[in-house]
Amino acid sequence: MTVSLTLDNVSAHYGSTQVLKDLSLSVKAGELVSLLGSSGCGKTTTLRLVAGFLEPSAGSIRLGDRDLTRLPAHQRDIGLVFQNYALFPHLSVRDNVAFGLKQRGVGKAERDAKANAMLERVGLSAFAERMPAALSGGQKQRVALARALVIEPPLLMFDEPLSNLDAKLRVDMRVEIRRLQRANGTTSLYVTHDQEEAFSISDRVAIMNAGRIMQLDTPEVLYQRPANSFVARFVGFENLIEMTVTERNGEMVTATTKAGASLTLSQTVYGAIPDRFILAARPDGLAVRQSGEGIPVTLGIRTYLGRAYQYQCTTSTGDLTGNGPLSELLEPGAQAVLVPVPEQCCILPPEA
Amino acid sequence: MTVSLTLDNVSAHYGSTQVLKDLSLSVKAGELVSLLGSSGCGKTTTLRLVAGFLEPSAGSIRLGDRDLTRLPAHQRDIGLVFQNYALFPHLSVRDNVAFGLKQRGVGKAERDAKANAMLERVGLSAFAERMPAALSGGQKQRVALARALVIEPPLLMFDEPLSNLDAKLRVDMRVEIRRLQRANGTTSLYVTHDQEEAFSISDRVAIMNAGRIMQLDTPEVLYQRPANSFVARFVGFENLIEMTVTERNGEMVTATTKAGASLTLSQTVYGAIPDRFILAARPDGLAVRQSGEGIPVTLGIRTYLGRAYQYQCTTSTGDLTGNGPLSELLEPGAQAVLVPVPEQCCILPPEA
Amino acid sequence: MTTKLHPLLIVFAAVIFAILVAPLFIILGAAVSDTSFLTFPPQGFTMRWFTNIFDITAFRTTAITSLQVAVTGTFLALLIGIPAAYAMNRFRIRLPSWLSNVFVLPILVPEIVLGFSLVKSITIGLELPVFATLLIGHTLLVLPYAVRVVGASLASFDFSIEEAAISLGCPPLKTFFTVVLPNIGAGVVAAFILAFITSINDVSTSLFLTGPGVSTLPIQIIAHMEQFFDPTIASVSVLLMILTVGVMAIVEATLGLTFLTK
Amino acid sequence: ASAVSAEAKTFTISWWGYNGDKLNANIIEPFKKICGCDIVFETGNNADRVNKLKLRGGKGVDVIYLSDSFSQAGIADGLFLKIDGSKLPNLADLYDLAKDPQGGYGPAYTIGRVGIVYDAAKVNPAITSWNDLWRPDLKSAVSLPGITTTAGPMVVMQAGKHAGVDAFTNADKAFEAVTALKPNVAKNYNTGSELVNLLSTGEAKVSIAQDFTLASMKAAVPTMTWATLKEGDIATLNTVNIPKGSENVDLAYQFINFILSKPVQQLEAEQGVDAPVSKKVELTPEQAKIWTYGADTIAKLTLLNYAKMNDAKMDWIDRWNEIFSK
Amino acid sequence: MVKRLTPWLLAAPATLLVLAFLILPVGSTLATTFLEPKGWIAPYVTFFNSGVRRTVLYRTIEISVITTVLSVIIGFIAAYVVAHVPGRLKSIMIIAAVFPLLTGVVVRSFAWLILLGKNGILNSALLGLGLISQPLSMLYTEGAVIAAMVYLFVPLMILTLAGVLEGIPKDVLEAATSLGATPFGVFRQVILPLAMPGLIVGAVLVFTGSFTSYATPQLLGGEKQMMMGTLLYQRAMVTFDWVGASTVAAIMVVVTFVIVFLMTRLARRLNPMVA
Ligand SMILES: Nc1ncnc2c1ncn2[C@@H]1O[C@H](COP(=O)(O)OP(=O)(O)OP(=O)(O)O)[C@@H](O)[C@H]1O
Ligand SMILES: Nc1ncnc2c1ncn2[C@@H]1O[C@H](COP(=O)(O)OP(=O)(O)OP(=O)(O)O)[C@@H](O)[C@H]1O
Ligand SMILES: [Mg+2]
Ligand SMILES: [Mg+2]
């Protein structure tokens, strides 16, 4: 049974402080949507609202054709992986995982079997008899994950479920989550602070800011065509350069920065360019060159990234960050230019 | 006062299970060393040992010229950021941060000023009066961080201190940590599950496995020249291909995989190549091409990564993962070849 | 478990427990002394003060009443007290903080006055039967333990695991029993013990609340002591202790006493 | 009153609750046969039963056993019916002292006395007068009954006599004498068992006590002796009354008459339950030893005016507290 | 709406019980003290005019406060050990703590008589060792009353505190230690505040218990150490002066309430989570 989740103009308060502001969000049946947003922006609050631990002060929440807004939490049939795990301290790892099945009247033998199978999947078979207190952080987190997954509810919510796992396990787990989610057609809401994770696991990603959703789109669209400078910054367009068009020459446009550096941009590559715009680029999107057409900068701190060197650059109107190839080591203090790499840059409306 | 930390053949047990096995580790004065390792490998245990919450069953721990092995925990003067925060629930955010200063006899006015300044740095000035229970996960984590940083001890230890922060804050915080650590010359031990973080923040990184340290080296060395296949796998060399040399032609070597695919490798690029070796490559290091010299594969699931497409590939002797450019979209099921990208690959001794 | 205790602490605790237990040997000695008055060291040995308890009809009947009242009263107090304690900790902001002091009133008002006022208002005013009055009185008397002692355990309870259970489909009431209760077991058991003992030992309130046909063991003991000064009272104490050890042993064997402490 | 009409009745007796099994055999079972009624008890000490009766406005019990100072308090509060002596034929057999001790209310069914006990092995010379309590050689050796106990006010009475005044009219002088006695006091007691403990552990050697405690004291300290006082001992009476809310007044008369009957009095005395007030009861010297028994003994007793004493009590308690509790 | 009422609904039965069967009845009893013909505070004036009654009030406060402080300290240490010993020993210790509560006050005071009396075990031992030449008067002193009450209330503290102490998360203690808190500092700044919910409950129970106690002070203190309970008893049960008794009771209720309130305030300063 695959259902959709809709939050309609939802507001939420803790005491007198408003945390969510007219938030609307819809997750299609069987879809996995991630919530990405800075610390304290209201991601956990959104999940708690859907789970029923917090009552919205306005707005409504629907799951399929059921109105959840006033439904008691335990009747919502929603799996939730808690950010702080919230394991039952008095139950063994296996019993923690089997808990939800027990509530659904699954017999002892069957639920133990299912719990064991799920523990196997999260790599904790050997720990089934342990008490949660004797687990490492990452192990606890996987128990929390297994506990929510095993009940196979129509809606699953994950609150930073992999934050304490190492890179490899993280990928394994996320593949596993995705596999199960797809297999069961589970509608899912996934909170993570890891963009790569969000982008790789999600059908669509919602970027949140201060209790509002700024953009909800597929990873590709978000990553390549952020709708506003907030989202752009968020998806790593560290460099936001205000520009003004000085000359239009067919598809070619010449624009200058405030500091007077001028760039020639092709509308075939960037799409239509308005008279005032922001050129957004990731460090990868500003190639550090010793010379050539580009924005002149003075190089600052250099960081080794593995696949490239990153340079903090200063210009008269602000700092920019660009990447240079491993093959060409430039020293701090040197003069250089930043050349936009068209596929990695985008054009945004100016900020209000 | 800058001091070095040395763990010498340390073993640790929880009850009867041995968690650390003859672990030796030395952090030079003022150096920041990261511990990277899979979930449950003993990272937290190592920190607890150094902090004095756990007694080693063998071995010794030294900080500068002090033997810590039997020193009571509160006399060690070590700052520790706990994986699960461990905030004082009965103290406000500010008092949490000021706690360590209070123990050091710092006067009320001064410690509040210092706490406020540190809260400013972690972006929580507005939350100074709050109780920890009313904070989001990431906010709690930053309080834990501020609390340890503010006391400026000679040794700081961080247990996944940024795991619950969003990407941007994470980078800001890690820059902040690094800045303070450098400014004070604080010797530091840093646990993270995030390789990029480890590599960007550390002077050296220790790769741990099952209670042992597998390699301790600078990020560059680890990243480019892992010493063994465990570390290689760990730093993202997902593809480990066993090969046997069939022909040597000056600096050029021809080797074949078990399945018979043959590659020509240059010893100028890879260094000396033994007769039996493992070719290790990240997905980035195996370029997916429609044809050419390489390992023939059948393409499987495709994932969008932002900067490239990643393909799960199958061969008769196992699965491999390679990346293809965004400009060339290949469909699952198609035949292709994986071409090693020399700078991104390395040669390892065969597994024992 | 792994927390190491300072040797001085252990010595101190040993002394405290020695002092707590020491007088009990005197009482045990007095209870078997073959004399018609309390004495220590015991002179001779007899079990007749124990058999005396069973021989005297009034001891038997009042003991039954006392047990009924103590068990029912404690149970009722926990039944209504635990929800109150829960509400005050779970919904801290929504209930006024003075409410917790209301639940101390029953032990804060001198027992005689409580008994007197209760008789006036309910036995006379509402014309409730004696047993009902006695039960209400005892429930009231032990309510502070149920609310406050359990409340102390709930103060440090992490309610997010309750949410976890609910999200897994466990109804709130069941969640309380399967998740909350096991984690505040120490508090509930402590509350039970204190409430039960308070009820079974109570004299002053019961003085008033007993009536025609209904009396409690402590009152019977006091009546007995008006006339007889023999060691029967010591043997009653000893019997109570043996009973307690017995009950604890059964609990230990069946449930394991770990629930005592979580 | 016919037995038939009482068939379904429940007869309620308020008493202390000790000696229940003997009383049951000697009184209740036989009386049940006579009246054909059910019998229910209210048990408890004097004070709380009077309190409860007062709260209930005299209702709830049909007959109430009390010691004399408490029955006097009940009388003062108008809780009891006046007794019609003609309905109690057995009254004629009682000592005069017991027939009507409180002016028209219930008779006494048993008698006791208050005097001085001392450890003959340790107190030398023997005690022969109430005034001996003030002897300097008894420093910290005396245990007085607390002012709230039955015998408590008697200490004040005797202190008055020691000072040569009537304590009711000159309380100041009487309490001066109590103050003078204070150095001799080790600790005052409130219950008989407490007194026995004090004597058996040697905390006290001399005390003012009720006679029924003597046997236990002797068991604990064989040399405990009942002093022969030249001024004589003081009588204490336990009375039975019919509360004014009684619903079975006839049965109550029947019951009181029954417990005053010779066979019952005889049985009770022989079994060590209560001292007899019926002149017809005859005891062997061995049986009589523990009781205040015989016309001669009874004639020598002083009787307190409880009405006056109850009026003075509040003031006395305050004065007593001033001396002993400051 | 129902949700909003939940806390009240849960607290309602207990609250109503207290309201209906305590606040109203006792309130009306205490109200009688204000209906005296001699003026509405006349009984209180009478009370405070009496030197001995004032003395008794001060003594009661003093004894109760000392008893509470000692019980809290001793009980805390014992409970701390109970909370940290292995399972079986823990059960034995808890049973041992419960025992003293099962003995009636009369036998208990007999036991104290045997231990502390002039001819008691302790005096005999001290005399035998030649440490003293005269038996010490340990009974019937304020010390004896306090000792007996502490004996009685320490188990109560142990029971209320053991669970609470055990529930304190270990990592928070470790955090304090790593920040340089000495063991005493950890105790003062972390354990104590976090134990406060249990501590305050125990302290309130002990204080009210000792403030209203009657039999123990009477048996172990005698009249010399008379406390408010006895004063109340004398009025209520000997002279049947319920107005006087209610006056005493009202004073007791007010004094305890004020002290309980102050204790709670203090506890909240140490830990704002105290309910
Ligand atoms: N109290 C304990 N009792 C028994 N075993 C324990 C206890 N705490 C941890 N362990 C075990 O010791 C091993 C190492 O734990 P540790 O917490 O050091 O792992 P870690 O490297 O920090 O892992 P993670 O990244 O998941 O936090 C784990 O397998 C864990 O299950
Ligand atoms: N119980 C509470 N009382 C008051 N404010 C709260 C409470 N819980 C959270 N907040 C505040 O509400 C805001 C949103 O919190 P929420 O937990 O939803 O953040 P989040 O997006 O999950 O952040 P993180 O990524 O740090 O976990 C935060 O600013 C937080 O301080
Ligand atoms: Mg969150
Ligand atoms: Mg860890």
Side-chain angles (χ1 to χ4, degrees), chain A residues 14-15 17 19 36-45 83-85 123-124 127 134-142 159-160 162-171 192-196 199-200 218-220 223-224 233-236 238 282 284 303-307 310 326-327 343-344, chain B residues 14-15 17 19 36-45 83-85 123-124 127 134-142 159-160 162-171 192-196 199-200 218-220 223-224 233-236 238 282 284 303-307 310 326-327 343-344:
Chain A
Y14 284 116
T17 41
V19 175
L36 258 178
S38 57
S39 176
C41 73
K43 304 178 294 294
T44 299
T45 306
Q83 186 168 13
N84 62 351
Y85 322 146
L124 290 177
F127 296 84
L135 295 181
S136 79
Q139 287 162 347
K140 282 185 195 149
Q141 193 161 40
R142 281 178 280 160
D159 200 350
E160 312 196 0
L162 310 176
S163 62
N164 274 278
L165 303 182
D166 56 284
K168 207 175 130 44
L169 203 50
R170 234 176 138 100
V171 173
T192 175
H193 45 73
D194 180 335
Q195 269 180 57
E196 194 200 307
F199 283 16
S200 76
T218 61
E220 282 88 348
Y223 199 83
Q224 290 173 353
R233 247 187 233 106
F234 200 89
V235 297
E238 279 177 42
R282 298 200 171 75
D284 265 340
T303 327
Y304 174 74
L305 289 188
R307 60 193 152 78
Q310 189 158 93
L326 293 177
S327 52
E343 309 90 65
Q344 313 260 22
Chain B
Y14 284 116
T17 41
V19 175
L36 259 177
S38 56
S39 176
C41 74
K43 304 179 294 293
T44 300
T45 306
Q83 185 169 13
N84 61 351
Y85 324 145
L124 290 177
F127 297 83
L135 295 181
S136 78
Q139 288 162 347
K140 283 185 194 148
Q141 193 161 40
R142 281 178 282 160
D159 200 351
E160 312 195 1
L162 310 175
S163 61
N164 273 277
L165 302 182
D166 57 283
K168 209 176 127 45
L169 203 52
R170 232 177 139 99
V171 173
T192 176
H193 45 73
D194 180 334
Q195 269 178 59
E196 194 200 308
F199 284 16
S200 75
T218 62
E220 282 88 348
Y223 199 83
Q224 292 174 352
R233 248 188 231 105
F234 200 89
V235 297
E238 280 177 43
R282 299 199 171 76
D284 266 339
T303 328
Y304 175 74
L305 289 187
R307 60 193 152 78
Q310 188 158 94
L326 292 177
S327 53
E343 308 91 66
Q344 314 259 21

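Lettering follows sequence order; numbering is per chain, from 1.
- Interatomic distance, B:Lys140 NZ to A:Asn84 CG, rounded to the nearest 0.5 Å: 6.0 Å.
- Side-chain contact between A:Val171 and B:Glu238 is absent, with no heavy atoms from C-beta onward closer than 4.5 Å.
- Under the side chain to side chain contact (heavy atoms under 4.5 Å, CB included) criterion, B:Glu220 pairs with A:Tyr304, B:Thr218, sequence neighbours left out.
- B:Asp166 places a side-chain N or O within 3.5 Å of a backbone atom of A:Ser39 that can act as its donor or acceptor partner.
- Proximity to chain B (any heavy atom under 4.5 Å) is shown, for A:Gln139, by both the backbone and the side chain.
- In this structure, chain B has no heavy atom under 4.5 Å from any part of A:Arg282.
- When the side chain to side chain donor-acceptor pair (under 3.5 Å) test is applied to B:Gln83, the partners found at least two apart in sequence or on another chain are A:Asn164, B:Thr44, B:Glu160.
- B:Leu162 CG to A:Ser163 OG: the interatomic distance, rounded to the nearest 0.5 Å, is 11.5 Å.
- Only the side chain of B:Ser136 has a heavy atom closer than 4.5 Å to any heavy atom of chain A.
- Looking only at heavy-atom pairs under 4.5 Å with chain B, the residue among A:Val19, A:Leu165, A:Thr303, A:Thr45 that has the most is A:Leu165.
- For the atom pair CG of B:Asp194 and CD of A:Glu196, the computed distance is 9.5 Å after rounding to the nearest 0.5 Å.
- Taking chain B as the reference chain and counting heavy-atom pairs below 4.5 Å, the highest number among A:Gln141, A:Lys168, A:Arg142 is found for A:Arg142.
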